[in-house]
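To start, the structure under review is shown below, and the notes come after it.
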Protein chains: 2
Amino acid sequence: MKCHSFNVFFETIANKTRLKILETLQDKPKSVTEICNALKEEQSKISHNLKCLADCHFLDVKKQGKKRIYSLNKETMVPLMKLVSRHVARYCCKDCKARGK
Amino acid sequence: MKCHSFNVFFETIANKTRLKILETLQDKPKSVTEICNALKEEQSKISHNLKCLADCHFLDVKKQGKKRIYSLNKETMVPLMKLVSRHVARYCCKDCKARGK
DNA sequence: ACTATATATGAATAGCATTTCATATGAAAT
DNA sequence: ATTTCATATGAAATGCTATTCATATATAGT
């Protein structure tokens, strides 16, 4: 296992803003402005976080006039999210309820 | 997608110490002291991080005398690591070489 | 060329997670 | 009961990441 690459991979996803971006892009590809509106977040914040995600190839970008359209790298993200969903459903929800979280 | 649970999931893995713990446990289950020796890290550091990992059910624990033996939750971790390996191999390594990292 | 719109970027600050150190707890042996 | 080994835990300090704010760049239209 190459700890550094793995670490970058996970650090990039382990962030609420970036997770929300990934979530909203599951719906369909969007421009920066569209993402900002969807999440009600500031533009520079979104841009900074989009950069991380694109650097790690979680997202692809293409130019369209003045806009940049970001889309999900489904090949990795879809199975990843499925796997995590299963883990979370199995283990975390029960615990959270038990602990009153 | 439940962003909070997902976030906890990823934050827990997104840490060098914890990734190294997961790595060393792929080999075989180990006690805290064995993990400390394997990673050459302080005991309290390891214990704190083991707690995170166990809380998220990435690890299982069982008592054995004074020792606590930690083992990997292979059901989630094996396919997860496979998926990430593939992603990293496909995208990150090329980029890193290209950038001289 | 100028203006407006869309996005990116640098740097300082704010916010949070990790480590460290001291200490507590637990389990077995004498 | 006490000592020793193994692990856990709390709190302070350290270190790192994210956000913010100001500004730069890029593209298209007039």
Side-chain angles (χ1 to χ4, degrees), chain A residues 3-25 28-72 95 99 101, chain B residues 3-25 28-71 99 101:
Chain A
C3 272
H4 178 68
S5 304
F6 275 63
N7 197 31
V8 172
F9 181 102
F10 288 119
E11 274 181 350
T12 302
I13 310 194
N15 175 285
K16 277 178 195 171
T17 306
R18 290 194 286 274
L19 274 172
K20 282 183 194 158
I21 292 175
L22 294 173
E23 193 183 12
T24 198
L25 290 178
K28 59 168 186 173
K30 287 175 181 158
S31 72
V32 178
T33 305
E34 286 173 321
I35 296 170
C36 290
N37 293 337
L39 309 191
K40 290 174 185 160
E41 298 273 14
E42 257 198 310
Q43 180 265 318
S44 78
K45 182 176 173 181
I46 295 300
S47 278
H48 278 298
N49 283 299
L50 282 171
K51 187 171 177 355
C52 295
L53 290 165
D55 281 350
C56 275
H57 296 265
F58 294 135
L59 302 181
D60 294 321
V61 209
K62 53 182 175 184
K63 294 187 186 179
Q64 192 179 95
K66 318 181 200 177
K67 298 182 180 176
R68 305 223 169 173
I69 308 297
Y70 285 86
S71 59
L72 204 65
D95 286 13
R99 286 188 221 139
K101 277 190 190 175
Chain B
C3 272
H4 178 70
S5 303
F6 275 62
N7 197 30
V8 172
F9 182 101
F10 289 119
E11 274 182 350
T12 302
I13 312 194
N15 173 285
K16 277 178 195 170
T17 305
R18 291 195 285 274
L19 275 171
K20 281 183 194 160
I21 292 175
L22 293 172
E23 192 183 13
T24 196
L25 290 178
K28 57 164 189 181
K30 287 175 182 160
S31 72
V32 177
T33 306
E34 285 173 321
I35 297 169
C36 291
N37 293 338
L39 308 189
K40 290 176 185 158
E41 296 274 13
E42 257 198 311
Q43 180 265 317
S44 77
K45 181 176 174 181
I46 294 299
S47 278
H48 278 297
N49 283 298
L50 283 171
K51 187 170 178 354
C52 297
L53 289 166
D55 282 350
C56 275
H57 296 263
F58 294 137
L59 302 181
D60 295 319
V61 208
K62 54 181 174 184
K63 293 187 186 179
Q64 191 179 96
K66 318 181 200 181
K67 298 182 180 174
R68 307 223 168 173
I69 308 297
Y70 285 85
S71 59
R99 289 189 217 138
K101 281 192 188 174

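Naming: A, B, ... by sequence-line order, numbering from 1 per chain.
Nearest approach of A:Ala54 to A:Tyr70, heavy atoms of both residues: CB-CE2, 4.4 Å. Taking all atoms of both residues into account, the shortest heavy-atom contact from B:Cys56 to B:Thr12 is SG-OG1, 3.3 Å. Taking both residues in full, the closest heavy atoms of A:Ala38 and A:Lys30 are given as CB-NZ, 4.4 Å, listed atom of the first, atom of the second, then distance. In terms of heavy-atom proximity, B:Cys36 sits nearest to B:Gln43 at SG-CA, 3.5 Å.
Counting atom types as modelled, A:His48 pairs a side-chain N or O with a base atom of D:dT20 as donor and acceptor under 3.5 Å.
Between A:Tyr70 and the phosphate of C:dA6, there is no side-chain N or O to OP1/OP2 separation shorter than 4.0 Å. For the pair A:Asn49 and D:dT17, the criterion of a side-chain N or O lying under 4.0 Å from OP1 or OP2 is not met.
When rounded to the nearest whole Å, the span between CD1 of B:Ile13 and P of C:dA17 equals 16 Å. Rounded to a whole Å, the CZ atom of A:Phe10 is 18 Å from the C1' atom of C:dA17. Rounded to an integer number of Å, the gap from NZ of B:Lys16 to C1' of D:dG15 is 12 Å. The distance from atom NZ of B:Lys63 to atom C1' of C:dA27 is 9 Å, rounded to the nearest whole Å. Between the CZ atom of B:Arg68 and the C1' atom of D:dC5 there is a distance of 14 Å, rounded to whole Å. Between the NE2 atom of B:His4 and the C1' atom of C:dC16 there is a distance of 14 Å, rounded to whole Å. Between B:Asn15 atom CG and C:dA17 atom C1' there is a gap of 9 Å when expressed in whole angstrom units. Taking atom CD on B:Glu11 and atom P on D:dT17, their separation rounds to 13 Å, with Å as the unit.
Listed by residue number, B:Val32, B:Thr33, B:Gln43, B:Ser44 are the residues of residues 32-46 of chain B with a heavy-atom contact under 4.0 Å to DNA chain D.
For B:Lys66, whose side chain is taken as the heavy atoms from C-beta onward, the closest listed nucleotide among D:dC5, C:dT7, D:dT9 is D:dC5. You'll find that the side chain of A:Arg18 is closest to D:dA18, out of D:dA18, C:dT7, D:dT7.
Residues forming a side-chain contact (heavy atoms from CB on, under 4.5 Å) with A:Asn49 (at least two apart in sequence, or on another chain): A:Asn15, A:Thr17, A:Arg18, A:Ile21, A:Lys45.
Taking the side chain as every heavy atom from C-beta outward, B:Leu59 and B:Leu22 approach each other to under 4.5 Å. The shortest distance between side-chain heavy atoms of B:Val61 and B:Leu50 does not fall below 4.5 Å. At a threshold of 4.5 Å between non-hydrogen side-chain atoms, the residues A:Val8 and A:Asp55 do not count as touching. Put simply, the side chain of B:Glu23 does not reach to within 4.5 Å of the side chain of B:Leu19, judged on heavy atoms.
Remark on DNA chain D: of its neighbouring residues B:Lys51 and A:Ala14, the 5'-side contact belongs to B:Lys51, judged by nearest-heavy-atom nucleotide.
Overall, the helix from C:dA1-D:dT30 to C:dT30-D:dA1 carries an axis bend of 20° between its ends, with five pairs at each end and the value rounded to 10°.
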